[in-house]
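What follows is a short report on a single structure.
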Amino acid sequence: MEIQSSGRPIDVLMEKVLSVNILSSDYFKELYRLKTYHEVIDEIYNQVDHVEPWMTGNCRGPSSAFCLLYKFFTMKLTVKQMHGLLKHPDSPYIRAVGFLYLRYVAEPKTLWSWYEPYIKDDEEFSPGSNGKMTTMGVYVRDLLLGQYYFDSLLPRVPLPILRQVTGHLEKMKLPTKQSGITGDSSRLGSDDTARRPPSVKASLSVSFGQRAPHRASTRDSSPVRKTLPSARDRERSSDGERARSSPRRRRSRSRERDHNSERDRSDRDRGRHKDREHDRHAREDRDRDYRRSSYSGRDADRQGRERRDRDSDRHGRSSARRSRSRSRSPNRGRTEGENHRSSPFGRPPEPSNLAKLKDLYGDATNTKDDTGDDKARRDSGTEEVIRLGGARWR
């Protein structure tokens, strides 16, 4: 039967930088040859001498203990195998790897039932690479109560469960705070030399003997080479700096702050003025485009109306001309036909009134006047017109 787990994948439970380094390490790739649970136990017995997450010294890769722990993650141990790990008599590091497996994988509410038989275990060993000795019981209590394990983040234990664990320890008259053997409760306060690399890229490049491309010198800036100052040292340094700062320096700093604030204010005003100018120019451009489009629309309408009026006038004149030509043509044809019928010699018979007038005024007709009279006759239709002053009455 498998151990009751929290159900979350291991790459979520373990810190990202640590799991990435383990999966990319050459040693973990060599562990593919190990197929059984007992082969991994023998490898722990032969290779592990501390249970820190990171190696010490110049090579900053993941430790052998955590590579083998990750190998157990891939195998998904059963309850029987876990009991065999926790009670193994050959090496305390085999037992420590078993407790770490439970701290990462097991359901938080089942941790106390797993750890309770070993809370007072007095087997001594050194969990870190610095050689400090402790008992297995103290190591187990630190795993239960701590959130950080040698500057590596452990899965969070819910607060109600942590209160239950604290109550059980108080009943057993045991300390309810960490001993510090596996690191402090936060990363900032740790003075241990075996610290975590600053980033995934830096740790990978250093583990391969290369310099990280985003750092000037990984060896010089590595936290292994220098330890962080303690809280007391930081307070002393800050008190010394405050004592060394003179009133003149404070005045100069206040002047610099005022000058910077004035400059920022002027920059903001300048930017606001530019925004207003830009908005005004944009508004003027929009108005100009609108007026231009309205004027062009009006001109197009006016030209269309003029064109329509011109076409209608032209159509009216042409229709009137056609109607006049139709009205003239039948009369002219009728008169010409009558003239041809009445006069075989081409001259029409003259009416009696016209003959009397000719007798009174005389007849001064010629061929040229006859053609003019024909034109006048065509213009006036069939009506008889008396031209005053003319040579002939009709």
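Please read these numbers as outputs of a predicted model, since none were measured by experiment. Hydrogens, waters and symmetry mates are skipped; everything else that's a heavy atom, side chains included, is used.
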Query - Working for side chain to side chain contact (heavy atoms under 4.5 Å, CB included), residues Leu144 and Val157 - result: CA-CA 8 Å; Leu144 269 175; Val157 177; over 6 Å; no
Requested in this report: Give the C-alpha distance, both sets of side-chain angles, the deciding distance and a yes or no for side chain to side chain contact (heavy atoms under 4.5 Å, CB included) between Asp121 and Val140.
Outcome: CA-CA 9 Å; Asp121 195 307; Val140 169; over 6 Å; no
Requested in this report: Take Lys274 and Glu277 through the salt bridge (Lys or Arg N to Asp or Glu O under 4.0 Å) test and state the conclusion after the steps.
Outcome: CA-CA 5 Å; Lys274 288 181 179 179; Glu277 289 292 330; over 6 Å; no
Report task. Apply side chain to side chain contact (heavy atoms under 4.5 Å, CB included) to Phe28 and Leu68, showing your working. Result -> CA-CA 8 Å; Phe28 181 76; Leu68 292 162; over 6 Å; no
Requested in this report: Would you check, one step at a time, whether the test side chain to side chain contact (heavy atoms under 4.5 Å, CB included) holds for Met75 with Val40?
Outcome: CA-CA 10 Å; Met75 297 175 68; Val40 178; 3.8 Å; yes
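For His278, the NE2 atom counts as loosely surrounded, since its 6.0 Å shell holds 12 or fewer non-hydrogen atoms of other residues, nucleotides or ligands.
Residues Pro175 and Leu169 fail the side-chain proximity criterion, which asks for heavy atoms closer than 4.5 Å. Looking only at side-chain heavy atoms (C-beta outward), His38 and Glu43 stay at 4.5 Å or farther from each other. Side-chain contact between Arg276 and Asp279 is absent, with no heavy atoms from C-beta onward closer than 4.5 Å. With contacts defined as side-chain heavy-atom distances shorter than 4.5 Å, the pair Leu31/Cys67 qualifies. Counting heavy atoms from C-beta on, the side chains of Tyr45 and His88 never come closer than 4.5 Å. When side chains are defined from C-beta on, Ile3 does not count as touching Val105, because their heavy atoms never get closer than 4.5 Å.
A donor-acceptor distance shorter than 3.5 angstrom exists from the side chain of Arg95 to the backbone of Leu86, with no hydrogens or angles considered. Using modelled atom types, no side-chain atom of Glu170 and backbone atom of Thr176 make a donor-acceptor pair closer than 3.5 Å. Here the side chain of Lys16 pairs no donor or acceptor atom with the backbone of Asp11 at under 3.5 angstrom. Of the possible polar contacts, one joining the Tyr93 side chain to the Ser126 backbone as a donor-acceptor pair under 3.5 Å is found. In terms of modelled atom types and a separation under 3.5 Å, the side chain of Tyr148 and the main chain of Leu153 share no donor-acceptor contact. Using modelled atom types, no side-chain atom of Lys71 and backbone atom of Phe66 make a donor-acceptor pair closer than 3.5 Å.
Among all heavy-atom pairs drawn from Pro92 and Glu123, the shortest one is CB-OE2, 3.5 Å. Nearest heavy atoms, Met133 versus Glu124: CE-C, 4.0 Å. Shown here for Val48 and Ser64, the closest heavy-atom pair between the two residues is CG2-C, 4.3 Å. A pairwise comparison of heavy atoms in Glu15 and Ser152 identifies OE1-OG, 3.3 Å as the closest pair. Residue Tyr101 comes nearest to Met82 through the heavy atom pair CD2-CE, 3.3 Å, listed as atom of the first residue, atom of the second, then distance. For Arg103 against Leu143, the heavy-atom pair with the smallest separation is NE-O, 2.7 Å.
Looking at Arg302 and Glu306, a side-chain N of the basic residue comes within less than 4.0 Å of a carboxylate O on the acidic one, giving a salt bridge. Here Arg288 pairs with Asp285 in a salt bridge; the nearest charged N to carboxylate O distance falls below 4.0 Å.
The OG atom of Ser63 lies 10.0 Å from the CZ atom of Phe150; values are rounded to the nearest 0.5 Å. Taking CG of Leu18 as the reference point, atom CG of Leu23 lies at 9.5 Å (rounded to 0.5 Å). The CG atom of Leu69 sits 7.0 Å away from the CD1 atom of Ile22 when rounded to the nearest 0.5 Å. We find the CD1-CD distance between Ile119 and Glu116 to be 7.5 Å, quoted to the nearest 0.5 Å. With values rounded to the nearest 0.5 angstrom, Lys76 atom NZ is found 8.0 Å from Ser5 atom OG. Residue Gln164 holds its CD atom at 6.5 Å from CD1 of Ile161, rounded to the nearest 0.5 Å.
Between His83 and Trp114, the ring-plane angle classifies as tilted under the 30° and 60° cut-offs.
With respect to Phe99, the ring-ring contact (aromatic ring centres under 6.0 Å, His included) criterion is satisfied by exactly one of Tyr115, Tyr139, Tyr149: Tyr115.
Side-chain N/O atoms of Ser179 and Asp142 include a donor and acceptor closer than 3.5 Å.
Under the 4.5 Å side-chain heavy-atom criterion for ILVMFWY residues, no single connected hydrophobic cluster contains both Val17 and Val12.
Partners of Gln81 by side chain to side chain contact (heavy atoms under 4.5 Å, CB included), not counting sequence neighbours, listed by chain and number: Tyr37, Leu77, Thr78.
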